[in-house]
J.: 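Attaching a single structure in structure tokens format; questions to follow.
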Amino acid sequence: MSTVTTREWRLKSRPVGLPKSSDFELVTAEAREPAAGEVQVRNIWMSVDPYMRGRMNDAKSYAEPYQLGQAMTGGAIGEVLASQHPDYSAGDLVRSMAGWREAFTANPEAVALEKLPAANLPPQAFLGVAGMPGMTAYVGLLRMGEPKEGETVFVSGAAGAVGSLVVQIAKIKGCRVVGSAGGPEKCDYVRSLGADAAIDYRKAGDVKGLISALREAAPNGVDVYFDNVGGDHLTAAIDAANPFARMAICGMISIYNATKPPPGPPNMAMIIGKRLRIQGLLVWDNRDMLPDFLRDMPQWIADGKIKYEETVFKGIDKAPDAFLSLFSGKNTGKMLVELA
Ligand code: NAP
Ligand code: FER
């Protein structure tokens, strides 16, 4: 057992609009020997996720904001180096919320430490397809969307971590699937996942273009909309929605960096006549579905029904770049930082 030197990313200033590199600070710190009840962990992978942008604001939300001058947090996979806790031993692979750092010493409860679930998948899969984003796709589509065989599902952000899984789960459930993503290569990827049609929202241009592209891609209308993007995508989905369509509002990444309140969809009155059900989704509310998710997802992967992609930045120094790249769509599938 010994003290380990680590580097950790702290929030230096609260970003205005798209965060800048200067909003973050890489600081050297120590992960000391564990005291009684503690574990010392070296992180191998860390996750960067769009929700982290919200935690950089000093705003009331489902989670506490990141504190200035303190290490940021987020999902991470690591290996226990030393343990003074009866449930953990050196060599255990663990997941925690102590990301944005190379190593840490903590009480397991303080960092939501857990051993990786038993499934024959690489460890970093538990940050993506078999982790929070996978669970989000699963509960958002199945519980909020209630897709029925033959119905049309529209998902935005369809080449991303959550969206790429929504596409495939909807196909497993026998739906017709339309996905939108930025650029022709991502649209090819979305089709390769089984989507019946893909919309390049950049090519579509403005909201009028998006509406006509969606009408063309979903000639029978949209029964379920899984929103990862918000803004014009939500307007287009309301336009194309069939009566009694369900909308799972999972994310609105197009407005996370807005510096003034973005306008709502101008066609909201259609919610009435179409009797739309529009529901916000927080993955954590749905822990009761975790056993089902951990049964289905590894099985679907083993059966070849679910494919998943990862985009990997290497080294702790690249973590802010990886995070910022979410907003310019540099990832296909789950964005990850490999630390060791
Ligand atoms: P992701 O989709 O893997 O990565 C973000 C993607 O967003 C980028 O690759 C980019 O793809 C797209 N994007 C960025 N700016 C955009 C813009 N202005 N307009 C349209 N698309 C834009 O991220 P993820 O982790 O899977 O998360 C997807 C969404 O789910 C996010 O909105 C996130 O906040 C939300 N989420 C919610 C929960 C929850 O519990 N509610 C849990 C997890 C995730 P393109 O290249 O296609 O533009
Ligand atoms: C996310 C985007 C937004 C997310 C949570 C939120 C867990 C919640 C926002 C709020 O409470 O204001 O990706 O993931």
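Read the numbers this way: they start at 1 and go in the same order the structure lists the ligands and their atoms.
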J.: Which residue and non-hydrogen atom of the protein lie closest to atom 16 (C) of ligand 1, and at what distance in Å?
T.: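 Protein heavy atom at minimum distance: I253 CG2, 3.8 Å.
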J.: Thinking salt bridges, do D321 and K318 make one under a 4.0 Å N-O criterion?
T.: no
J.: Determine whether the side chain, the backbone, both or neither of T136 has a heavy atom under 4.0 Å from any heavy atom of ligand 1.
T.: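 Within the 4.0 Å criterion, T136 contacts ligand 1 through side-chain atoms alone.
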J.: With heavy atoms under 4.0 Å as the rule, classify the contact between M252 and ligand 1 as side chain, backbone, both or neither.
T.: backbone
J.: Do ligand 1 and Y201 have nitrogen or oxygen atoms that lie under 3.5 Å from each other?
T.: yes
J.: Do any N/O atoms on S61 end up under 3.5 angstrom from N/O atoms on ligand 2?
T.: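 Yes, S61 has an N/O under 3.5 Å of an N/O on ligand 2.
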J.: Need the ligand 1 atom indices (1-based, order shown) with element for anything under 4.0 Å from a heavy-atom of K186.
T.: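 Going through ligand 1 atom by atom, the ones under 4.0 Å from K186 are 9 (O), 11 (O), 45 (P), 46 (O), 47 (O).
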J.: Which residue and atom name correspond to the protein heavy atom nearest atom 23 (O) of ligand 1, and how close is it?
T.: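 Closest protein heavy atom to atom 23 (O) of ligand 1: P50 CG, 3.5 Å.
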J.: L282 heavy atoms, cut-off 4.0 Å: which ligand 1 atoms fall inside?
T.: 40 (O)
J.: Would you kindly specify which portion of W284 sits under 4.0 Å from ligand 1, judged on non-hydrogen atoms: side chain, backbone, both or neither?
T.: neither
J.: Among R101, M46, M72, find the one that has a side chain to side chain contact (heavy atoms under 4.5 Å, CB included) with W9.
T.: M72
J.: Is the side chain of E185 donor-acceptor paired with the backbone N or O of G183 at a distance under 3.5 Å, no angle test?
T.: no
J.: Please identify which atoms of ligand 1 are closer than 4.0 Å to at least one heavy atom of S254.
T.: 17 (C), 18 (N), 19 (N)
J.: Closer than 4.0 Å to some heavy atom of M132 - which atoms of ligand 1 meet that?
T.: 42 (C), 43 (C)
J.: Pairing donors with acceptors under 3.5 angstrom, does anything connect the side chains of Y225 and S156?
T.: yes
J.: Keeping the roles fixed (side chain from Y88, backbone from L113), state whether a donor-acceptor pair exists under 3.5 Å.
T.: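 Side chain of Y88 to backbone of L113, a donor-acceptor pair under 3.5 Å: yes, one is there.
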J.: Apply the side chain to side chain contact (heavy atoms under 4.5 Å, CB included) test between H233 and each candidate in V155, I199, L210; give the one that qualifies.
T.: L210
J.: Keeping R277 on the side-chain end and R275 on the backbone end, is there a donor-acceptor pair under 3.5 Å?
T.: no
J.: Compute the shortest N/O to N/O distance between Y256 and ligand 1 and return yes if it is under 3.5 Å, no if not.
T.: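 Yes, since at least one N or O of Y256 sits under 3.5 Å from an N or O of ligand 1.
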J.: Judged on heavy-atom distance to atom 26 (O) of ligand 1, which of V162, D227, V229 sits nearest?
T.: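 Of the listed residues, V162 has the closest heavy atom.
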J.: Please write down residue, atom name and distance for the protein heavy atom closest to atom 15 (N) of ligand 1.
T.: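 Of the protein heavy atoms, F327 O, 3.6 Å lies nearest.
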J.: I'd like to check which ligand 1 atoms, numbered from 1 as shown, lie under 4.0 Å from a non-hydrogen atom of A181.
T.: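 With A181 as reference, the close atoms of ligand 1 come out as 47 (O).
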J.: Quick one: look up the protein heavy atom nearest atom 10 (C) of ligand 1 and list residue, atom name and how far away it is.
T.: G329 CA, 3.6 Å
J.: When you compare ligand 1 with G160, is there at least one nitrogen or oxygen pair between them that comes in under 3.5 angstrom?
T.: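 No - when backbone and side-chain N and O of G160 are compared with those of ligand 1, no distance drops under 3.5 Å.
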J.: Which residue holds the protein heavy atom closest to atom 7 (C) of ligand 2, what is that atom called, and what is the gap in Å?
T.: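 Result: Y62 OH, 3.7 Å.
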J.: Would you confirm whether Y256, through its side chain, and G54, through its main-chain N or O, come within 3.5 Å as a donor-acceptor pair?
T.: no
J.: Tell me if a side-chain donor or acceptor on D223 pairs with a main-chain N or O of T152 at a distance below 3.5 Å.
T.: yes
J.: In ligand 2, which numbered atoms sit nearer than 4.0 Å to a non-hydrogen atom of Y256?
T.: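 So the answer, numbered in order with elements, is 2 (C).
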J.: List the steps and the verdict of side chain to side chain donor-acceptor pair (under 3.5 Å) for N286 and R143.
T.: CA-CA 9 Å; N286 300 277; R143 175 168 275 171; 2.8 Å; yes
J.: Without hydrogens or angle criteria, can the side chains of S47 and K334 be said to hold a donor-acceptor pair below 3.5 Å?
T.: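 Yes, K334 and S47 have a side-chain donor paired with an acceptor closer than 3.5 Å.
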J.: Measure from the side-chain N and O atoms of D303 to the backbone N and O of K305, and report whether any donor-acceptor pair falls under 3.5 Å.
T.: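 No.
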J.: In terms of residue, atom name and distance, what is the protein heavy atom nearest to atom 14 (O) of ligand 2?
T.: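 Going atom by atom, the protein heavy atom closest to atom 14 (O) of ligand 2 ends up being Y51 CB, 3.4 Å.
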J.: With the threshold set at under 4.0 angstrom, would you say S164 reaches ligand 1 through any of its heavy atoms?
T.: no
J.: May I ask you to check if ligand 1 and N228 share an N or O to N or O distance below 3.5 Å?
T.: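 The answer is yes, given that N228 and ligand 1 share an N or O pair closer than 3.5 Å.
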J.: Using the six-membered ring of F24, assess whether NZ or CZ of K12 lies under 6.0 Å from its centre and within 45 degrees of the ring axis.
T.: no
J.: Donor-acceptor pair, E38 side chain versus A35 backbone, under 3.5 Å?
T.: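 Side chain of E38 to backbone of A35: a pair is present.
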J.: Among all protein heavy atoms, pick out the one at the shortest distance from atom 47 (O) of ligand 1; state its residue, atom name and that distance to 0.1 Å.
T.: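 The protein heavy atom lying closest is G182 N, 2.8 Å.
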J.: Which ligand 1 atoms are under 4.0 Å away from a heavy-atom of N331?
T.: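 Near N331, the atoms of ligand 1 are 1 (P), 3 (O), 4 (O), 8 (C), 9 (O).
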J.: If I apply the N/O under 3.5 Å rule, does A161 come out as touching ligand 1?
T.: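 N/O-N/O distance below 3.5 Å exists for this pair.
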J.: Quick one: does Q168's side chain have a donor or acceptor within less than 3.5 Å of a partner on K307's backbone?
T.: yes
J.: Check whether the side chains of R14 and N57 place a donor and an acceptor atom closer than 3.5 Å, and report yes or no.
T.: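 There is no such pair (donor and acceptor under 3.5 Å, judged by atom type) between the side chains of R14 and N57.
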J.: Looking only at distances, can you tell me whether any N or O atom of V283, backbone or side chain, sits closer than 3.5 Å to an N or O atom of ligand 1?
T.: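 Yes, there is a polar N/O contact under 3.5 Å.
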J.: Within the side chain of T311, is there an N or O that forms a donor-acceptor pair under 3.5 Å with the backbone of T332?
T.: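 Yes; judged by distance alone, with no hydrogens or angles, the pair exists.
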J.: Of all heavy-atom pairs between L121 and F126, which one has the smallest distance, and what is that distance?
T.: O-CE1, 4.1 Å
J.: How does D49 reach ligand 2, if at all, at less than 4.0 Å between non-hydrogen atoms: by side chain, backbone, both, or neither?
T.: neither
J.: Report the nearest protein non-hydrogen atom to atom 6 (C) of ligand 1: residue, atom name, distance rounded to 0.1 Å.
T.: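 Nearest protein contact, heavy atoms only, for atom 6 (C) of ligand 1 is L326 O, 3.8 Å.
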J.: Provide the number and element of each atom of ligand 1 under 4.0 Å from a heavy atom of C250.
T.: 30 (O), 35 (C), 36 (N), 37 (C), 38 (C), 39 (C), 41 (N)
J.: Would you say G157 has any N or O atom under 3.5 Å from an N or O of ligand 1, going by distance alone?
T.: no
J.: For ligand 1, which atoms, with element, lie under 4.0 Å from some heavy atom of G251?
T.: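 The list of qualifying atoms is 32 (O), 35 (C).
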